[in-house]
Amino acid sequence: SASSDFPPRPVITSSAPNMLRRSGAPTAGEGGVKDMPSNDGKEDTTGKPKFSRQATFIPNIDQLGQCDASELKDQTGEAINFFGSERTPAALIAGSAVAMIFAFPLQDKETLDVGFAKRMYLVLSTSAFCHSLIAVFASSLAIVRLMSRRHNPMARDPLVMMMRETPLYFMAVRAHFLTAIFAFTFALSVRMWAEYGPRAPVFARGLVCTVGSSLAYMTALYNMTLVHFDSFLHLWYCYLRQLLDRVLIRRPRVGKPSGFMSVVAAVLAVVAMYDLTTILREYVTLSSLARAAQQAMDMSPEVP
């Protein structure tokens, strides 16, 4: 059925717990974030504190009353430097991804395996270009937003200030930039396997494993050095919840609500994912049927 093609849409309630707080995060009494009680006025029979939707999507927001005034300073310059440092490599990946998209053209007479590899390569290259382009765009918007000086620049460190004043831009840059790196690296691995696999499968496997090892190690380093999130997937989860907050809440706590173009972007993304996965799934099915037919022919007795 059509409904089984997509995962169920998350349901957000007004008393949803703060999903972005890590298990080891300090409490309000330890100098951390103060829990915001729910506005519905209902008591929780479990004895656990309830949280409002306003506190759900922003992890570790710095409250000015949670530290000494001597620890606070203007973090605008550091935040601008961060977004600028993310924008440059993202632009380089976007330029390289554009060249990769047209470097491996499709041909009429191709085997199923090669056709599948080329299409997977094109999907990953296009994904790397789109994610890096969004990272560049979000970085530019964040820099302009910070230069307008319409925010509270005082915080203990730049990360706290960015997560408090520009959470959507910060998570957008991090999520899309890292995803662009992963998609770019994965596309190179697919290209290596498609180019060298038929002639030198052992050599191609060594190249792919080398790139895969680097990709896995980068993921491990990222997961080991996180501050506000538990993992790379948790970063995407928080980012999507922040976007959903802008759609469902007409007056979000941080920033403005999303407009009509956000809905258009979501619809186009869903259509693109459906079309691309349908094509790739068809190639996988045809390839499996071809292998099964070949095995049946090899096992059948020869006719004299």
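Note that the structure is predicted; figures quoted are calculated from it, not measured. Keep in mind that the numbers below use all heavy atoms, side chains included, and drop hydrogens, waters and symmetry copies.
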**Asked** Tell me, do E86 and R174 make a side-chain contact under 4.5 Å, heavy atoms counted?
**Response** yes

**Message:** Are the side chains of V211 and F186 in contact, using a 4.5 Å heavy-atom criterion?
**Reply:** no

**Request:** Find out whether C209 and R205 are in side-chain contact, i.e. whether some heavy atom of one side chain is under 4.5 Å from a heavy atom of the other.
**Result:** yes

**Request:** Indicate, with yes or no, if the rings of H131 and F182 have centres closer together than 6.0 Å.
**Result:** no

**Asked** Which heavy-atom pair separates A155 from V160 by the least distance, and what is that distance?
**Response** CB-CG1, 4.3 Å

**Request:** Indicate, with yes or no, if the rings of Y237 and F229 have centres closer together than 6.0 Å.
**Result:** no

**Complete:** Between the CZ atom in F177 and the CD1 atom in I134, the distance rounded to the nearest 0.5 Å is 14.0 Å

**Asked** When rounded to the nearest 0.5 angstrom, what is the spacing between OG in S214 and CG in L188?
**Response** 11.0 Å

**Prompt:** Checking side chain to side chain contact (heavy atoms under 4.5 Å, CB included) against L168, which of L141, V173, L243 comes through?
**Reply:** L243

**Atom of M218, atom of T185 and distance for their closest heavy-atom approach** = CE-OG1, 4.4 Å

**Asked** Between S132 (side chain) and F129 (backbone), is there a donor-acceptor pair under 3.5 Å?
**Response** yes

**Item:** Side-chain (S85) to main-chain (F82) donor-acceptor, under 3.5 angstrom
**Value:** yes

**Message:** With heavy-atom distances below 4.5 Å as the criterion, would you say the side chains of F203 and L207 are in contact?
**Reply:** yes

**Request:** Give, for atom CG of D157 and atom CE of M162, the distance between the pair rounded to the nearest 0.5 Å.
**Result:** 8.0 Å

**Message:** Give me the atom names and distance for the closest heavy-atom approach of A187 to S125.
**Reply:** CB-OG, 3.8 Å

**Request:** Mark yes or no for whether R119, through its side chain, and G115, through its backbone, hold a donor-acceptor pair below 3.5 Å.
**Result:** yes

**V208 reachable from L215 in the ILVMFWY side-chain graph, under 4.5 Å edges** = no

**Request:** List the atom of P105, the atom of K118, and the distance in Å for their closest heavy-atom pair.
**Result:** O-NZ, 2.9 Å

**Asked** Measuring from L122:CG to L106:CG, what's the distance to the nearest 0.5 Å?
**Response** 5.5 Å

**Message:** Please check: side-chain N/O of T126 versus main-chain N/O of V123, any donor-acceptor pairing under 3.5 Å?
**Reply:** no

**Message:** Tell me whether the count of non-hydrogen atoms from other residues, nucleotides or ligands lying under 6.0 Å of OH in Y222 goes above 12.
**Reply:** yes

**Asked** Between V190 and Y196, is there a shared hydrophobic cluster once you connect ILVMFWY residues whose side-chain heavy atoms come closer than 4.5 Å?
**Response** no

**Item:** Short side-chain to backbone donor-acceptor contact, N223 and D230, under 3.5 Å
**Value:** no

**Message:** Are M163 and L178 linked, directly or through intermediate hydrophobic residues, by side-chain heavy-atom contacts shorter than 4.5 Å (ILVMFWY only)?
**Reply:** yes

**Complete:** Exactly one of F184, W193, F104 clears ring pair (Phe, Tyr, Trp, His ring centres under 6.0 Å) with Y121, and that residue is F104

**Asked** Can you find a pair of side-chain heavy atoms, one from I143 and one from R87, that are under 4.5 Å apart?
**Response** yes

**Asked** Between the main-chain N or O of R241 and the side-chain N or O of D245, is there a donor-acceptor pair closer than 3.5 Å?
**Response** no

**Prompt:** When you measure from the side chain of T166 to the backbone N and O of Y169, does any donor-acceptor pair fall under 3.5 Å?
**Reply:** no

**Request:** Flag yes if M147 and F83 sit in one hydrophobic cluster, no otherwise; membership is Ile, Leu, Val, Met, Phe, Trp, Tyr, and two members link when side-chain heavy atoms are under 4.5 Å apart.
**Result:** yes

**Asked** Looking at CG of N81 and OG1 of T76, how far apart are the two atoms once the value is rounded to the nearest 0.5 Å?
**Response** 11.0 Å

**Request:** In plain terms, say whether D74 and R149 are close enough for a salt bridge, that is, a side-chain N and a carboxylate O under 4.0 Å apart.
**Result:** yes

**Taking every non-hydrogen atom, the tightest pair across M161 and Q75** = CE-O, 3.4 Å

**Request:** Working to the nearest 0.5 Å, report the span between CG of L146 and CD of E165.
**Result:** 8.5 Å

**Fill in**
In short, N152 meets R164 closest at the heavy-atom pair O-NH2, 2.6 Å

